[in-house]
Each structure stands twice: as structure tokens, then as C-alpha cells.
Amino acid sequence: MEHGTGTDLLVESDQDLKMSRILVRYGELALRGKNRGEYEKLLALNIKRMLADFEKVSITRMRGRLIIHCSGEVSEAMDRVCDAFGVHSVSPCFSVPAKIEAIRAEAVRLMGEELSERSSDGSGVTFRIQTRRAEKVFPMNSSEINRDVGSAVLDVYPGLKVKLKNPEIMVEVEVRTSIAHLYTKRLPGPLGLPVTSAGKVVSLLSGGIDSPVASYLAMKRGCEVVLINYHSYPFIGEASKEKVIALARRLVKYQPRIRLHIIPFAEIQKEVKRTAFESYRTVLYRRAMQKIAGRIASIEGALALVTGDCLGQVASQSLENLHCIGSATKYQVLRPLVSYDKTEVIDIARRIGTFDTSILPEPDCCTVFQPRRPVIRGVVAKAEELEANFDLDRLIQEAVEQREIVRLDCQGRESRRMADKS
Ligand code: ATP
Ligand code: MG
């Protein structure tokens, strides 16, 4: 049985048949076990949010598939659905009553579209019809439908050649109880798991190239990402903050709602400069960032932190320093980029649309009082000893209280407010 969340495919009217449809396939692995229903619901919810500005969107869940019904610009809707984590592939889908005459006619029409895209009359072009029957009530079996529809297509385009393996055009037919879906195109989705299915993380977003990509990859594995940025006003200007907000605007394409906490960091940096040796400044900044991120994680109910660290990318990202920095928090620190080359990260940054913003030349807070020679092998005990020389806890408390919270959604809505001091 098909089961619908909105429109029931079993009783669709002719009017419904005129709406555009997008068929969404999702990765099978994630469908195992009893979480499957939850996973499907989250994917449907995320897609619904991504398409919130489309009129009359409804999503029908079927075994192993989602069908999106929408009116409006289908190619724009397809582009958005192709960014929804958990999606394996997407097809614009055309639905007709489950009658062989209707299936034939639609297959011929789709073939006509495919050939006109190729400016071809079909001569020498290879094709096949591939049918699946979800319900076995249809009076013909799959190979009978293939043959019947294939010969109808050949009658109209006699130059075509049937080829079962790797044809140039494949017309897929899915026959259900009262309706049949036909499609010829498959666009790849981003894979992964639906955002929010894995729980919440706090991702440290600088204005650089790496951390937006790390945030994206955390989303890809189903994390709901809460962003956090450290901003060193007045040493660093408003433009750096706006750059980070611009990056969050890029990321909201993949996670329909995002919160960004902007933490004032200058007071901590001043105290580090005043009390610690120069070489330890960067490590101490980073440890303070981890501690604050942990506070935000507990406020948000997040279970892990995410950073854009990449092992050995720069001298300060040594294993010793990652250990020294990571040990400042009790939270797991996920580092999705740990083994990536910079060129690989740049490729992803370009693909996901963060690169052009990341390379804008705005300074990050880490450049404030930057040591000439940062320590390469930070030692935890040493860092802790230096932190005891000033009231770090109080400064962290104040920074958390004075944070600004920016909320963004994929429809372009945005709000900014200072945190409540509770
Ligand atoms: P990125 O390109 O993400 O800035 P990077 O290679 O420049 O990374 P670092 O500047 O050493 O690396 O920072 C390592 C990680 O620390 C960043 O990926 C980010 O997760 C976090 N981080 C650094 N600066 C900030 C900041 N101002 N606000 C939030 N997180 C930061
Ligand atoms: Mg950086």
C-alpha cells in the first residue's frame, strides 16, 4: 500500500495529475531498521522547508520514494531538492492514469522531448523502456509493458534502436495501483543523511575556507549545525562579522534554518596578551574558543563541536596542538577535514558556494596580537597553568552573555538580537 502524508496517490484527481512532480530517491543504507519512518519524515520536512515559497507543495511518501507535487518552476524546485542531504537522486516525473494507452502516449511524448533536446529525429539513438510494478494488479507484467511501450515509441520514431545496456535514453515507468510515473532524467543528490537526523552540533565558523566546508560536511551526516563565531571588535571591524553572516547565508541552503552565535572575543584576547607568553597566544585563544563553544553546546543541547581543522595544514595544526586545544572541552570535537588536502577543500567550497565569500580579505580574530612564532607542540599542563593567571571563567561567562544571535532561514528571512541574560 502507498501511504501519503498529504495527497493520496490512490485517489488523485485529473487536476492533481496536471501538477508537476519530482520523484526523490534516497540512500538505501539509511533505510534499514526501525528509524526509516523518522528518516523519511525528516527528509520530507526539510524539503518542504526548502520549497516553502512554492505554492501548493505536498509530499507523498511511498515505499523507498518521495513524490513532491508542486506548481511553479520545476527546475528551480529540482535544484533545491538536489541540495537536500539524504537525497540519492531526483527525477522530474510525469504521472498518468495506470492505463497502457496513457503510458504509451506519455512515453512517446517524453521521447519527443529527449530527442528535441538532442536536435535529433531519433536516427541511430539507442533507448530502452524500463518498467517496475509496485503493485502487481496491473494486467500486464513488466516485460510485456516494456515491449508494448517500446514498440509504440518505435512506431513514432523508427530510427531509434533498442539497447538494453547503457542506452542513451532510458524511459522509466513505475506502475502503481491507479497511477503510473514516467521519467527519463536522474539528477544526483548530495547523498548523506537528512539534516537533524543525527542530532545537534556546534560548529566553529571562522571566515576562512575550511570551516564552512566542515560545517557543510557535518550537515551531510545528518547533524543540525549551530554556528558560532568569535569576533574581536574593536580590533576587527564589522565587515568580518558581515562576512561570517554571509557564509551562514550560503549554508542555510543546505540546512533550512540556522542560528549563528557571535561571541565578543576581544577581552579574552587582551587578557591572554597581558598574562601569557607570546608563543602560547594562539593555543590559548583556541582553547578559550572550545570552552565557549562547550557553553553554547550545553545551552543549545548539542552533543559535539565541529571545527575546520586539518591535520598538518599549517604548523600550528599539529597533533599536539589539536590535543592541547581539544582537551579544553569535554565535548567530542569532530574535524571532518582532518585528512583532506587544501585543494580538495577548495573544490568543495567552490561547489557549495562558500569559496567566493571565504576569500574576501577580511581579518579573523586570530590575527589579533598574533605571535611571531606560535608554539608547535602545545602542552596541556602549560596551557592550564597560563590560564590560571587570569579570570578566564568570568571572561567566558561575560562573552557568552554578550553574544549576538543571528537567525536565518532558507527563504531569506533573518533576525538579529542580543542573547537574554538568563
Ligand atoms: P578556516 O579556513 O576555517 O579559518 P584555517 O585553516 O584558517 O581554517 P585556523 O584559522 O587555524 O584554520 O582555525 C582552525 C579552526 O578553528 C577553524 O576551522 C574554525 O573551526 C576555528 N576558528 C578559527 N577562528 C575562528 C573564529 N574567529 N570563529 C570561530 N571559529 C574559529
Ligand atoms: Mg582561519
Side-chain angles (χ1 to χ4, degrees), residues 1-4 7-28 31 40 60-69 74 78 88-118 120-188:
M1 272 292 289
E2 295 169 359
H3 50 276
T7 316
D8 186 341
L9 288 180
L10 296 173
V11 291
E12 274 180 322
S13 66
D14 290 345
Q15 187 56 39
D16 291 328
L17 286 173
K18 289 197 191 94
M19 285 183 85
S20 306
R21 284 183 171 73
I22 299 169
L23 184 137
V24 179
R25 301 173 198 82
Y26 31 92
E28 275 174 45
L31 299 182
E40 288 174 328
T60 307
R61 288 196 287 142
M62 293 185 301
R63 221 173 283 142
R65 300 270 198 274
L66 294 180
I67 303 259
I68 303 167
H69 310 240
V74 183
M78 294 263 298
H88 181 270
S89 65
V90 171
S91 296
C93 159
F94 302 88
S95 304
V96 294
K99 298 267 184 293
I100 191 66
E101 301 76 21
I103 296 171
R104 271 185 216 136
E106 189 59 19
V108 169
R109 188 189 71 76
L110 279 174
M111 180 57 80
E113 271 188 17
E114 287 290 327
L115 293 176
S116 78
E117 278 172 25
R118 292 167 170 78
S120 160
D121 64 357
S123 300
V125 175
T126 58
F127 86 108
R128 75 175 284 187
I129 311 289
Q130 178 160 310
T131 304
R132 263 179 303 269
R133 287 185 314 156
E135 331 295 331
K136 309 289 178 196
V137 292
F138 197 78
M140 299 160 81
N141 69 25
S142 298
S143 31
E144 287 166 346
I145 300 171
N146 288 341
R147 274 197 299 275
D148 182 299
V149 175
S151 65
V153 169
L154 278 168
D155 282 348
V156 180
Y157 300 104
L160 289 170
K161 296 220 163 351
V162 175
K163 185 170 177 244
L164 298 185
K165 213 171 170 192
N166 298 327
E168 286 159 79
I169 300 172
M170 179 144 82
V171 181
E172 298 189 60
V173 183
E174 285 196 21
V175 185
R176 302 203 164 252
T177 311
S178 61
I179 200 166
H181 304 298
L182 287 88
Y183 44 88
T184 49
K185 296 189 193 325
R186 280 180 188 238
L187 278 75

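The first residue in the sequence is number 1, and the count goes up from there. Heavy-atom basis, side chains included; hydrogens, waters and symmetry copies ignored.
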Pair Val162-Leu154, side chain to side chain contact (heavy atoms under 4.5 Å, CB included): steps then yes or no = CA-CA 9 Å; Val162 175; Leu154 278 168; 4.1 Å; yes
Quick one: closest heavy-atom pair of Ala102 and Pro97, and the distance?
-> CB-O, 3.7 Å
Between Tyr183 and Arg25, is there a cation-pi geometry (under 6.0 Å to ring centre, at most 45° from the normal)?
-> yes
Correct closest heavy-atom pair for Val149 and Ala107 would be CG1-CB, 3.3 Å
Indicate the atoms forming the closest heavy-atom contact of Pro167 with Leu164, along with that distance.
-> CD-O, 3.8 Å
Between atom CD1 of Ile145 and atom CZ of Arg132, what is the distance when rounded to the nearest 0.5 Å?
-> 11.5 Å
Taking it one step at a time, do Glu106 and Arg109 satisfy salt bridge (Lys or Arg N to Asp or Glu O under 4.0 Å)?
-> CA-CA 5 Å; Glu106 189 59 19; Arg109 188 189 71 76; 2.6 Å; yes
Might you point out which heavy atoms bring Tyr157 and Asp121 nearest each other, and give the distance in Å?
-> CD2-O, 3.8 Å
Of all heavy-atom pairs linking Ile67 and His69, the shortest is O-CD2, 3.5 Å
Find the distance between NE2 (His181) and CG (Leu23) and round it off to the nearest 0.5 Å.
-> 7.0 Å
Look at Glu168 together with Lys163 and state whether they make a salt bridge at an N to O cut-off of under 4.0 Å.
-> no
Pairwise distance CD1(Ile169) to CD(Glu114) - rounded to 0.5 angstrom | 5.0 Å
Residue pair Arg21, Ile179: steps toward the side chain to side chain contact (heavy atoms under 4.5 Å, CB included) verdict = CA-CA 13 Å; Arg21 284 183 171 73; Ile179 200 166; 4.0 Å; yes
Is there a side chain to side chain contact (heavy atoms under 4.5 Å, CB included) between Ile103 and Val175 once you walk through the steps?
-> CA-CA 9 Å; Ile103 296 171; Val175 185; 4.3 Å; yes
Is atom NZ of Lys99 surrounded by more than 12 heavy atoms (other residues, nucleotides or ligands) closer than 6.0 Å?
-> no
Would you check if the side chain of Ser91 reaches a backbone N or O of Lys185 as a donor-acceptor pair within less than 3.5 Å?
-> yes
Might you work through the side chain to side chain contact (heavy atoms under 4.5 Å, CB included) test for Leu160 and Met111, ending with a clear yes or no?
-> CA-CA 10 Å; Leu160 289 170; Met111 180 57 80; 3.9 Å; yes
Nearest-0.5 Å distance that lies between atom OG in Ser151 and atom CZ in Arg104 | 7.5 Å
Which value, rounded to the nearest 0.5 Å, describes the distance between Arg65 atom CZ and Cys93 atom SG?
-> 9.5 Å
Gap separating the OG1 atom of Thr131 from the CE atom of Met140, nearest 0.5 angstrom | 9.0 Å
